2 protein chains.
Amino acid sequence: MQNKTLSEPRLKSTDCGDCPIRHRAVCARCETDELARLEEMKYYRSFEAGQTVIWSGDRMDFVASVVTGIATLTQTMEDGRRQIVGLLLPSDFVGRPGRECAAYDVTATTDLVMCCFRKKPFEDLMLTTPHIGQRLLEMTLDELDAAREWMLLLGRKTAREKIASLIAIIARRHAALAPRRETDAVQIDLPLTREAMSEYLGLTLETVSRQISALKRDGVIVIKGKRHVTIPDFDRLLEESGDDSDGGFLV
Amino acid sequence: MQNKTLSEPRLKSTDCGDCPIRHRAVCARCETDELARLEEMKYYRSFEAGQTVIWSGDRMDFVASVVTGIATLTQTMEDGRRQIVGLLLPSDFVGRPGRECAAYDVTATTDLVMCCFRKKPFEDLMLTTPHIGQRLLEMTLDELDAAREWMLLLGRKTAREKIASLIAIIARRHAALAPRRETDAVQIDLPLTREAMSEYLGLTLETVSRQISALKRDGVIVIKGKRHVTIPDFDRLLEESGDDSDGGFLV
DNA sequence: GCATGGATTTGACTTATATCAATGACCCAG
DNA sequence: CTGGGTCATTGATATAAGTCAAATCCATGC
């Protein structure tokens, strides 16, 4: 009966109707005039894989939503130790209303398109349109659950379980974006380098590499090239991840 | 320029004016009639140290705010490995509007008084009173920052740094509740057993004990009995914690 | 084709933390 | 004051993961 919200897709498969902003981050229930105001304050920004979107501490005058690609939130210690504290997939939200400066480094790990909203007008709109705040609260609570599931992973799981968990989570979110029949073997492309995986999992990249090799050797995953992963038996992977095998979600 | 929000007290030192609900969780900006509605739906519950408030998966028909004492949120793996994913101090909020069941075990680690609000009426009030939702969003974002700072601790800090961080955080929140002059040595009572500390820090209780002894031996902390800690030099403790020594906060 | 350089894998060895096992300190009941 | 219980400390040893180093893979441009 544990929390499985991290694994739960945050993006519903239906699109946002006629909404000109195609991600569901904030506009799912917007009326025409509110959409017009969102349209006004929005602009797109693109980044190449590896580029930094914003540095921790920098002034940040926008909030944003990931349209395509993947970004990470990273915290760095003075001596250079790094920990990824958030993985942003399409439809995820970045930025905190009411906060002046970025709290984390935001980095594009693949080519990335973000839909940005200038912060001041966005905050104003939030004040007059409660459901935007409500939606933001919902998303923030989901992220909090995800962060807490990650705390369990970082504090208590073995290296092998960590790798299995990461692959399972990426596969689940991937499946949520591109639904497939239950019976197919799951196939994904890892959107992270070994180094990024190590920074997300609290390991070294050598350990990541060794454990991926071990899972491959044991037939839990099949690897083609460096990034392409096939999961012949998803339940087996979940067993290896240390999570409840049902993968059941909370409400 | 890292995020330090975990350390930042969430309770302002001023009290909530004439508000009959003395914690600031939700009522700071309430009008008279809203306060009346909150009064109606609220009730207090007390727990002894060690008691379980609610089990993960149980139906939860209230949300609540800690009045006095300390509670923890814990996640447990099937084989019994446990990780504390949240520490609830006075003024902290528990429960998620819109969620039927508890996602974590909630346990009183000291004697505890909580102010509970029946969930359905609370959710209704949220719909008609946007600032309650806004306040909740703020608190949730603070908790998310705290969780992310904890991810850095769990993923990257050494056992010694973990212990120093925990003591620093408890000391800071303690100081926020009972302000004192800058020059005094900080004194706190650890509200957690060694076992609870180990579950919070992703360590074993033996390692916790050893590292506390080491910090004592090195003069970073002074210990009287099992629980009472004096911190002669707070900056020294912060150095040991691996955080920026300024302890500076983001906005 | 071939050189270049980044990403990844693999190997040998070290180390921080876990594990297993005693021992010690404190508290309360009788 | 004494015995039993809980919590905490300390010691000896094991092990998972880290560190340092080398080899391999693979994409890219020349």
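Since the structure is predicted, the reported quantities are computational estimates derived from the model, not experimental observations.
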Practice prompt. Name the nucleic acid region contacted by A/S209, choosing base, sugar-phosphate or nothing; use a 4.0 angstrom heavy-atom cut-off, strictly under.
Written response: base

Separation of D/dA8 atom P from B/E199 atom CD, nearest Å, is 12 Å

Rounded to whole Å, NE2 of B/H228 lies from C1' of D/dC7 at a distance of 19 Å

- Please determine if A/E143 and B/R148 form a salt bridge, counting it only when a charged side-chain N lies under 4.0 Å from a carboxylate O. yes

Original post:
Counting distance only, does the side-chain N/O of B/R156 pair as donor-acceptor with the main-chain N or O of A/R81 below 3.5 Å?
Top reply: no

Interatomic distance, CD@B/E239 vs CZ@B/F234, rounded to 0.5 Å, equals 12.5 Å

*Given D/dT6, is OP1 or OP2 found less than 4.0 Å from the side-chain N or O atoms of B/R194?*
no

Item to complete: State whether A/R210 and A/E206 are salt-bridged, where the test is any N-O pair (Lys NZ or Arg NE/NH1/NH2 against Asp/Glu carboxylate O) under 4.0 Å.
Response: no

To the nearest 0.5 Å, atom CG of B/L112 lies from atom CD of B/E48 at 11.5 Å

* Do the ring planes of A/Y200 and A/W150 sit parallel (below 30°), tilted (30 to 60°) or perpendicular (above 60°)? -> parallel

In whole angstroms, the gap separating P of D/dA17 from CG of A/L201 amounts to 12 Å

Here the residues of residues 219-226 of chain B within 4.0 Å heavy-atom distance, strictly under, of DNA chain C are B/K226

Separation of D/dT9 atom P from B/R217 atom CZ, nearest Å, is 13 Å

When A/T107, A/L88, A/V106 are each screened for side-chain contact (heavy atoms from CB on, under 4.5 Å) with A/V53, the one that passes is A/V106

When rounded to whole Å, the CD1 to P distance for the pair B/I212 and D/dC7 reads 15 Å

Check: Sub-3.5 Å donor-acceptor pair from the side chain of A/S165 to the main-chain atoms of A/S241, do we have one?
Finding: yes

Once base and sugar-phosphate atoms are separated, protein heavy atoms under 4.0 Å mark nucleotides 15-22 of chain C, 5' to 3', with B, S and - as --SSBB--

query: Quick one: are B/V222 and B/Q187 in side-chain contact, heavy atoms under 4.5 Å?
result: no

Between CG of A/L190 and P of C/dT9 the distance, given in whole Å, is 10 Å

Here the distance between atom P of C/dT9 and atom CG of A/L205, to the nearest Å, is 9 Å

